[in-house]
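Heads up, the thing below is written out as structure tokens.
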Amino acid sequence: MAEWDDLPDDENEDGYEEAYETHRSGLYDMIVAYADEHELGDGFLADIVADLGLSLRMVAYAAETEKPSIGGLRLDLDRFVRELGDSVREAKKQAPDFIAEAKAAREEEGAEGEEGDDEADTEAVDDTRQ
């Protein structure tokens, strides 16, 4: 049985990144639509998605490892923590750009809100979420 993080033999890194972005974008859109429908706050939604990510990582280990074990799961969860830490460190590096974009989107939202353009407001807010 293949390990959960093994790439198929015919997948190169570019193909993986393209597939990753395609699926990430699709899932993101579905999650945001669900959150909007149920009026969930972004922070609450982040907590739910983080919990789901952890649960899915554990399921992936158990389902895709030939001989899953408690110790193996613990090691995989340690690896997951390191991967998440790497992602958070990278996000911190991108913080100035993110905040600049978020401020610009909020200003645009305010200007367009005065004009009554609700659709563009939603797009501006969605842009900052990603």
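Any value given below was found using the heavy atoms of this structure, including those in side chains, with hydrogens, waters and symmetry copies removed. The chain is numbered in sequence order, starting from 1.
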Worksheet item: Could R24 and Y20 be counted as a cation-pi pair, given that NZ or CZ must be under 6.0 Å from the ring centre and within 45° of the axis?
Response: no

Discussion item. Check this for me, if you would: do E83 and R57 make a salt bridge, where the nitrogen-to-carboxylate-oxygen distance has to be below 4.0 angstrom?
Written reply: yes

Worksheet entry | Gap separating the OH atom of Y16 from the CD atom of E21, nearest 0.5 angstrom | 10.0 Å

Discussion item. Just to verify, what does I31 make a side-chain contact (heavy atoms from CB on, under 4.5 Å) with, not counting sequence neighbours?
Written reply: L45, V49

Worksheet item: Any side-chain heavy atom of L77 sitting closer than 4.5 Å to one from L73?
Response: yes

Worksheet entry | Point-to-point distance, once rounded to the nearest 0.5 Å, from CD of E64 to CG of D76 | 10.0 Å

Worksheet entry | Separation of E101 CD from I99 CD1 (nearest 0.5 Å) | 10.0 Å

Worksheet item: To the nearest 0.5 Å, how far apart are CG in L75 and OG in S69?
Response: 7.5 Å

Discussion item. Could you see if L52 belongs to whatever hydrophobic cluster contains L40? Use Ile, Leu, Val, Met, Phe, Trp, Tyr and a side-chain cutoff under 4.5 Å.
Written reply: yes

Worksheet item: Apart from M30 itself, what residues make up its hydrophobic cluster when side-chain heavy atoms of I, L, V, M, F, W and Y under 4.5 Å apart count as a link, directly or indirectly?
Response: L27

Item to complete: Under the ring-ring contact (aromatic ring centres under 6.0 Å, His included) rule, collect the residues that match up with Y34, sequence neighbours excluded.
Response: H38

Worksheet item: At what distance, to the nearest 0.5 angstrom, does CD of E108 lie from CD of E112?
Response: 4.5 Å

Worksheet, complete the sentence: Between the NZ atom in K103 and the CZ atom in F98, the distance rounded to the nearest 0.5 Å is 12.0 Å

Worksheet item: Who pairs with H23 by side-chain contact (heavy atoms from CB on, under 4.5 Å), at least two apart in sequence or on another chain?
Response: A19

Discussion item. Using every non-hydrogen atom in the two residues, find where A62 and P68 come nearest and quote the distance to one decimal.
Written reply: O-CG, 3.7 Å

Worksheet item: Looking at residues at least two apart in the chain, or sitting in another chain, which of them share a salt bridge (Lys or Arg N to Asp or Glu O under 4.0 Å) with D86?
Response: R89

Worksheet item: Which residues satisfy the side-chain contact (heavy atoms from CB on, under 4.5 Å) test with Q94, sequence neighbours excluded?
Response: E90, D97

